[in-house]
Structures are given as structure tokens and as C-alpha cells.
Visitor: 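The structure is given below, and queries will be raised subsequently.
In this text, all values refer to a predicted model and were calculated from it rather than measured experimentally.
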Amino acid sequence: SRDRVRRRLAAILVAGYSRPSSGDEADSFAGLRAVLTEIIEPVVQEFGGDVVNSTGERALTEFGSVVEAARCAVALRDAVMARNTSLAPEQRVALRIGVNLGDIIAEAGDIFGDGVNIAARIEALADPGTICVSGIVHDQIVGKVDLDFADLGPQDLKNINRPIRVFRMGGDATETLAGEKAGPDGPPKFDERRAIAVLPFDNFSHDPEQEFFADGITEDIISLLAGWRAFPVIARNSTFTYKGQHVDVKKVGEELGVRYVLEGSVRKSGHRVRVTAQLIQADTGHHIMAERYDRDLTDLFDLQDEIVATIAGAIEPELLKFERDRIAEHPQHNEDAYDFYQRGLWHHYRQNKADNIEAQAHFRRALAIDAQYPQATAALSIAVCNAAYLGWSENPERNYAEADELAQRATSLDPRFPNAHFALGLVCMWTKRSDRALAAFNEAINLNPSFAAAYVLLGQMHLYRGDPEEALSLAEKGIRLSPTDPRMFIWLTALAGAQYQMRHYEAAIEPGRRSWTLNRNWPGGLRYVVAGLAELGRMDEAAAALAELRKLNANLAFVEGNLKRLFSDDAAVDHILDGLRKAGFA
């Protein structure tokens, strides 16, 4: 039979729209969605076109007439510029448009082919507020639209085997929007260049459909990382100026004023797709993280969401650990709140009483310099809370009260800072406010869907409320998101506890031992090792493990008090205490 793939000649318009302010990426979805539904979709329909698909910050449209496509491009540009006049600078939208005329393939409600690929590449060349068109479009519409054209000359476009002549349509005027790539005055100064830039992921497939998939991954990672509030993240419209270019990471760091660069690629092979990601220190070229993700090519949108969450979840602990270690290697040289904050984190993750005291001191010094610093406020809340439940405080109740006040303040300072809600969830968990803790952890995940620690502690809350199966599922998800996280010794306790409550004692012992191996100052996993071994009748092993546990928890009364703070079911507490008593703990 004849090939069922349908080819046709069409005018392709690709519209890229984004908010340029890096600090507002996480808040921009509603505004960008309004641009699509209130401007792009109705204007395209008015000029006889169809919106074939939209991904993140880009819309792919098709027209039967290249003249109508050009007129639509002008109408879209003018409508967005008019809308911007009524908005604050940080809320304005940068619109870029690329138009091409070429052969396309229509299949399963989508279109692709060189005609689409060239339009997308041309869109990436456009400055904010401008329209770029291919030479063939220019030749077809010149004299039919009342617009000027600037010849940009032949352009080498990635994955296109011939130069494409490109024209800017409508003159040289561009919009000036907050957050655009720096001009003659140099790159932005982001807190001593600790910002991160996510470069457009390369499409190494021959399938043009993967171009939108690669761009969607890039755009979603930018949005997720911006949601941390931990590092400034360069906006999409600045980093996409490097699309299709062979870049020097050091030069990117200098031009954008960033310390870190994330780059990656997408490659399709049969029914599988491979995505790679490398996190690089820009000034040295040092690879902080390099990961590869192989997946079955099923639903592209679900796959995109999964890979984005996985990459973002892997980046966060690696980047923050690198930053902590970088600062800790050098003596304190100035009174800088960020410096004190990172030094505090370095001590905090060592997880012992002496370092907890140091961590609190550094966080307090950071807040003495900047009382409105939500990151340091949330971190101090967590450190103060840790001191209470680990027995490092002479007055735990006072610690819990201070931790609660600090967490509440952190959420007020920045309601969209995920770790502020995490801190609130932690202190509520330890003060028997389980509904509030669940809500806080869920809000942290809503703000940062790759927040691994929040998934684990949300799982812990389900364990404490009598649902170990759900606890196991959530804890495993958190660990998959950040498999090399420095907090792994804490998270393994959640797995051990869930398995223990399901009476899978052998399965509880393994993660408990791993937790103890990772951090000898953390008793949580070791408790389940002792109790699990005793329940299995392996009393000699249980006694040896108990000797180690006693060094951290001197008596059973302290353990019982902590467990009763957490578990709502007395039977679950008795189950753990029974195992510990069988081992000889009293």
C-alpha cells in the first residue's frame, strides 16, 4: 500500500513567549497561559491558522497562506506589546516569532519536518518583540505586506544541512524588558556570580518532533530551579540565544554572569529516548554532576515531566553541596549573610551536637546581617528543631517553640520558598500537628515537584498515621529523585520504619544498617536494626547493635518519648518498643 504519511506545503509560524525576570519564573505560568489563550489562539484563528501544539513557552501554528501567516505575526507582536504597556516590567512578556514556508509531514494530529524545524530555528534567532522570516517567506510576501525587511544574511541552523537566509520583518525596533541579556554594561551581578544558566538541550535525533521535546525539558527545568528560591536562575529568553550554537561554557559564564551552567541532550532511538545532563562550574569547566536517563518513549508530556523532575531533583543536592564545600574551604573573609548561611549548612549536614551549635550560630549571624533572609530563617528553624528531637537541647519545648516561630516567619518572608514550608512541616510533625504537617509538606512539593526531602517526610507522616505502604511509596520516590543526597541516612530510616511496621523485619534491617553506615550520629535507622534483629530472634546481633544505639540514646524512655510525639497509633509505638525490649533495651 501507499505510504500513509501525508505531506503538504504550509506556512509555519513559531511563537516563543516568556517572562524575562529570572526571579519570577515560578509565578509566570498563569500569565504565559493567558498570552496563549487570550492572544495567540484567537489571533491565529482570526487569520485562518491553526495552533497545532504548544509546549511551555512556545506555540507551533500552521497556515495555508504565507501572507496571512506574516500578517498574523505582526498582529501577535502588536497585541503582546500593547498588553505589556499595562504591566509592570517584571510581568511583561517577551515574544519572538519565526516564520517559514516549506514541506511538512502531518501525522497523528501533529506536524513536523524541515519546514517546522527551520521555523523553530529562526524563532530562536529573533530578539524580543521581533519577527524573523526565512528567505522563501520574504520572496513570497515582499510587496504584499506594508513592512520593511532587514537582511540578516545566510544563517547556519543546527541540524539543517544548508544555510538559510533570514530577514527581520518590521524593522529593527525591539522591546526593552526587565531581565534581558546584558548589553554593553556587562553581565548581571548575581551575588558574586552564584547564578545558574540552563542552556537549550541539544536534539541529537533525526526526528524533528524531539526538538520541541528538548526545548520543553529545558524550559521546565528553568521553571523548577527558579522555584527553589536558593539560586538566581537565568531566564529562558537569555539562555535560548545560545540555541543551535557550539558554546564555550566559560564564555557563557562570563556573558551571563553565572557560576554554574547546565547543558544536556536528547537522543531518540527506536522506542527509547536518552536524555543526558551535565552540571558544570563555568569558570573552571569542572563537571559537578553528569547523569544519563534512558526511558521508553511513551506519552511525551508524561515523560517530559518525569525527566524534568528527576534532573532537577538530582541537581539541587549536588549544587548545594558543592557550594557549601566551596565556601567552607576558605576562611571567612567578609560579613556576608550568604556566606554565613552556606557555612551554617556545611556544619548542619555533619549531624552532631557540636556542629549543630555551630550551624545555629552561623544562621543567626546571617540573620543579624539580613533579618529578611528566608533561606537562613528556614535553615535555623530546622537546626533548632533537630537539636530538640535529637536530645541536644536542655529545653526541647523551648526549641520547638522557637523553631515554630522561625518557620512561620520564613513562610511569611517568602510564601513560595519550598524549604520554608518544609521547615514548618518538620516542626509540626514533632509537635503532634499531623494535619498541618501534611499540608506543609504537600505545599513544599506543590512549589517544587522535585523536592525529594519533602516526599520522604510526607511519607513519614503517612507512616505515623498508620499507612506504611503509602509511606514506603513516597520515601522511595524521594530517594529516586535524589539518590546521592547527603540526607540519605535520614531518608533510609523512613524505609526501615515502613518495612518494620509491615513486619517485614529482614527488609527493615537492610536500610537501617545503611543509614547507620552513612552517619554514625543518627540513631533512627539503628533502632529498627536492633528491634528487627530481636524480632527475628538474632539476639547476639541485636545485642551488638544495641551497644551502639546506647551511645546515642541512653535509655528507652527518651526513645519512647520521641516515638509518642510522632505516631498517632499507640500500637505502632508498642510494636517498636517491644522489639527494643526483646533486645535488652530498658
Side-chain angles (χ1 to χ4, degrees), residues 22-29 191 194 223-233 312-313 315-317 319-320 323-324 337-338 340-345 348-349 356 359-360 362-389 399-431 433-461 478 481-482 485-487 490:
S22 60
D24 291 334
E25 291 285 348
D27 302 324
S28 67
F29 292 112
D191 299 319
R194 60 183 175 89
S223 295
L224 269 184
L225 298 189
W228 293 356
R229 297 293 211 270
F231 286 81
V233 182
I315 290 170
E316 180 177 14
L319 186 55
L320 296 181
E323 191 72 358
R324 289 195 306 272
Y338 173 75
F340 280 123
Y341 166 64
Q342 288 294 345
R343 288 176 186 276
L345 288 178
H348 173 73
Y349 281 105
N356 178 270
Q360 289 190 46
H362 280 88
F363 295 144
R364 293 185 196 280
R365 293 184 73 178
L367 292 172
I369 296 169
D370 182 1
Q372 307 299 308
Y373 195 171
Q375 285 87 349
T377 306
L380 180 58
S381 171
I382 293 169
V384 169
C385 187
N386 280 10
Y389 67 73
N399 275 53
Y400 286 128
E402 183 185 11
D404 185 51
E405 189 276 330
L406 286 163
Q408 298 280 2
R409 188 192 309 166
T411 58
S412 298
L413 288 171
D414 186 351
R416 297 192 62 80
F417 177 40
N419 209 43
H421 295 277
F422 178 85
L424 182 59
L426 181 68
V427 69
C428 289
M429 183 176 83
W430 281 99
T431 52
R433 291 176 287 168
S434 63
D435 288 342
R436 186 74 185 277
L438 281 170
F441 290 135
N442 275 309
E443 181 61 15
I445 291 169
N446 180 54
L447 293 170
N448 180 2
S450 63
F451 198 161
Y455 281 107
V456 176
L457 265 69
L458 182 62
Q460 295 252 44
M461 288 306 307
L481 282 170
S482 186
D485 199 284
R487 296 163 289 189
I490 301 173

Visitor: With a 4.5 Å cut-off on side-chain heavy atoms, are Y338 and Y373 touching?
Guide: yes

Visitor: Which is it for N419 and I382 under the side-chain contact (heavy atoms from CB on, under 4.5 Å) test, yes or no, and what are the steps along the way?
Guide: CA-CA 10 Å; N419 209 43; I382 293 169; 3.8 Å; yes

Visitor: Return the CE to CG distance between M429 and L458, rounded to the nearest 0.5 Å.
Guide: 11.0 Å

Visitor: If you compare all heavy atoms of A444 against all heavy atoms of F422, which two are closest, and at what distance to 0.1 Å?
Guide: CB-N, 4.1 Å

Visitor: With rounding to the nearest 0.5 angstrom, report the CZ to CG distance, R436 to L424.
Guide: 5.0 Å

Visitor: Closest approach of G478 and V456, non-hydrogen atoms and distance?
Guide: CA-CG2, 4.0 Å

Visitor: Flag the pair T377 / Q375 as yes when at least one side-chain heavy-atom distance between them is below 4.5 Å, and no otherwise.
Guide: no

Visitor: Is the backbone of P415 close enough, under 3.5 Å, to the side chain of H421 for a donor and an acceptor to pair up by distance?
Guide: yes

Visitor: By salt bridge (charged side-chain N to carboxylate O under 4.0 Å, His left out), which residues pair with R364, not counting sequence neighbours?
Guide: E402

Visitor: Write down the atom of A387, the atom of N356, and the distance for their closest heavy-atom approach.
Guide: CB-OD1, 3.5 Å

Visitor: Go through the structure and list residues passing side chain to side chain donor-acceptor pair (under 3.5 Å) with R433, not counting sequence neighbours.
Guide: D404, T431

Visitor: Tell me if the aromatic rings of F363 and F340 count as close, with their centers under 6.0 Å from one another.
Guide: no

Visitor: By side chain to side chain donor-acceptor pair (under 3.5 Å), which residues pair with Y389, not counting sequence neighbours?
Guide: N386

Visitor: Supply the atom-to-atom distance N442 CG to L447 CG, rounded to the nearest 0.5 angstrom.
Guide: 11.0 Å

Visitor: CG/L426 to OG/S381 distance, rounded to the nearest 0.5 angstrom?
Guide: 7.0 Å

Visitor: Output the distance between atom OG1 (T411) and atom CZ (F417), rounded to the nearest 0.5 Å.
Guide: 11.0 Å

Visitor: If you take all heavy atoms of V427 and A407, which pair is closest and at what distance?
Guide: CG1-CB, 4.4 Å

Visitor: Rounded at 0.5 Å granularity, tell me how far CG in D414 sits from CD in Q372.
Guide: 11.5 Å

